[in-house]
Amino acid sequence: MTFSLTVSDEVRALAPGFTHVAVEAHGLANGPSTEASSALLDDAARRLAVRLDGRPPHEDPHMAAWREAYTAFGSKPSRTRNSAEALAKRALADGGLPRINLLVDLYNAISVAHLIPVGGEDIDRIEGGMRLVRATGDEDFVTVAGGEEVVEHPDAGEVVWRDERGVTCRRWNWRQGPRTRLTEATVSGIFLLESLAPMPVPEVEAAAAELAELLEKFSPGARIEVHDADPVRG
């Protein structure tokens with residue numbers, strides 16, 4: 001891996017069943033959503049409906065585990081849903097999934113089809129590696145509200161992803177900041193798939209392999225590496 005990716009002991013203690021798999025990619029070709037990426041999102045919604053078999057997303061055992069984890073660090077999971085649950089609700093609604101850009105469409109499709117939180121970050125915009133930690137509450141989280149850039153601070157004890165500059169994603173995998181998100185100019189990305197028990201690790205690895213195949217298909221010639229589940233224990 002070209003940069004460090006670590007998980008703090010405090011997060012391990014909070015959620016001992018946590019596993020993550022990273023897909024690192026260089027030489028990517030991003031751009032606007034296409035008919036092909038849109039079709040992947042529609043197919044993911046169909047796969048999700050089969051998986052849930054009429055249940056709401058929060059009743060899936062994996063989503064229930066994420067709700068427990070959110071509650072454990074003081075967040076209200078019915079108000080701040082993990083990214084997979086939030087996307088699943090949109091996938092099942094009349095409006096369907098949003099089309100963002102090609103790379104985001106690909107990882108959103110994997111997230112919905114497998115009901116796994118997946119995030120994508122622009123490696124060139126990350127400063128000093130990424131760490132999953134419990135926040136002190138003093139960290140900066142730069143976001144946009146009402147079209148203006150604003151600085152927020154996480155709650156003390158909140159689980160966040162951060163780099164040397166500040167928080168990149170609040171409440172574990174709830175809201176990503178714009179600074180490191182994948183844009184149409186992105187050429188190098190890190191895609192992080194996150195799971196909790198009871199989801200079997202091989203299922204997360206299979207989702208990562210599927211994402212890697214999609215990245216290879218849509219960015220011919222890209223250099224892609226899937227890192228073993230939980231490769232760094234930080």
Side-chain angles (χ1 to χ4, degrees), residues 1-3 5 19-51 57 62 81-93 95-126 130 161 168-169 173-195 199 202-229:
M1 189 174 288
T2 58
F3 66 96
L5 182 68
T19 297
H20 64 278
V21 179
V23 180
E24 185 177 352
H26 300 273
L28 294 168
N30 201 8
S33 300
T34 65
E35 289 186 8
S37 70
S38 183
L40 284 171
L41 291 169
D42 290 338
D43 181 62
R46 289 190 289 268
R47 291 167 65 181
L48 172 69
V50 171
R51 183 187 191 95
H62 190 215
R81 296 178 177 89
N82 75 80
S83 63
E85 184 182 332
L87 277 175
K89 285 180 65 67
R90 297 189 69 172
L92 298 173
L97 288 164
R99 275 58 172 165
I100 308 298
N101 60 51
L102 182 60
L103 291 178
V104 175
D105 289 353
L106 297 186
Y107 80 72
N108 278 350
I110 294 299
S111 177
V112 168
H114 292 270
L115 212 49
I116 295 172
V118 183
E121 307 278 357
D122 189 321
I123 288 177
D124 294 328
R125 294 169 179 250
I126 296 170
M130 292 173 58
W161 279 102
T168 58
C169 192
N173 44 38
W174 167 64
R175 178 184 291 171
Q176 182 188 34
R179 172 170 60 88
T180 58
R181 68 187 174 191
L182 303 177
T183 70
E184 293 183 17
T186 297
V187 294
S188 294
I190 189 77
F191 301 84
L192 195 62
L193 296 84
E194 301 178 291
S195 73
M199 176 167 279
E203 186 169 349
V204 188
E205 293 172 332
E210 185 178 344
L211 176 57
E213 290 176 2
L214 288 175
L215 293 171
E216 290 172 349
K217 177 181 178 181
F218 284 86
S219 293
R223 303 183 309 281
I224 299 166
E225 183 178 358
V226 179
H227 300 279
D228 293 338

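The two atoms that bring A91 and L48 nearest to each other are CB-CD2, 4.0 Å, heavy atoms only. Among all heavy-atom pairs drawn from P98 and D105, the shortest one is O-OD1, 4.0 Å. Heavy atoms only, all atoms of each residue included: Y107 and V118 are closest at CE1-O, 3.3 Å. Closest of all the heavy-atom pairs between L103 and L215 is CD2-CD2, 3.8 Å. The heavy-atom pair separating A222 from G27 by the smallest distance is CB-O, 3.7 Å. G189 and L182 make their closest contact through CA-CD2, 4.5 Å (heavy atoms, listed as atom of the first residue, atom of the second, distance).
Side-chain contact between D124 and V187: present, with at least one pair of heavy atoms (C-beta onward) separated by less than 4.5 Å. Looking at I110 and I116, their side chains never come closer than 4.5 Å, going by heavy atoms from C-beta outward. Using a 4.5 Å heavy-atom threshold, the side chains of W161 and L5 count as touching. In this structure the side chain of E24 reaches within 4.5 angstrom of the side chain of I123, judged on heavy atoms.
In this structure a side-chain-to-backbone donor-acceptor pair under 3.5 Å is missing from E121 to Q176. At distances below 3.5 Å, at least one donor-acceptor pair connects side-chain atoms of N30 with backbone N or O atoms of T183. Remark: side-chain polar atoms of T180 are not paired, donor with acceptor, to backbone N or O of D122 under 3.5 angstrom.
Expressed to the nearest 0.5 Å, how far OG of S219 lies from CG of L106 amounts to 8.0 Å. Atom CG in L211 sits 10.0 Å away from atom CD in E216 (nearest 0.5 Å). The line from OG of S188 to CD1 of I126 is 10.0 Å long, rounded to the nearest 0.5 Å. Rounding to the nearest 0.5 angstrom, the gap separating the NE2 atom in H62 from the CD atom in E194 is 9.0 Å. Here OG1 of T186 is found 11.0 Å from CG of L102. Values are rounded to the nearest 0.5 Å. The structure places NE2 of H114 at 12.5 Å from OG of S195, a figure rounded to the nearest 0.5 Å.
Within a 6.0 Å radius of CZ in R181, no more than 12 heavy atoms belonging to other residues, nucleotides or ligands are found.
The side-chain hydrogen bond (donor to acceptor under 3.5 Å, both in side chains) check on N108 picks up nothing, with sequence neighbours excluded.
No option in L192, L193, N173 other than N173 meets the side-chain contact (heavy atoms from CB on, under 4.5 Å) test with P117. Among E85, R51, E203, the one residue that satisfies the side-chain contact (heavy atoms from CB on, under 4.5 Å) test with L115 is R51.
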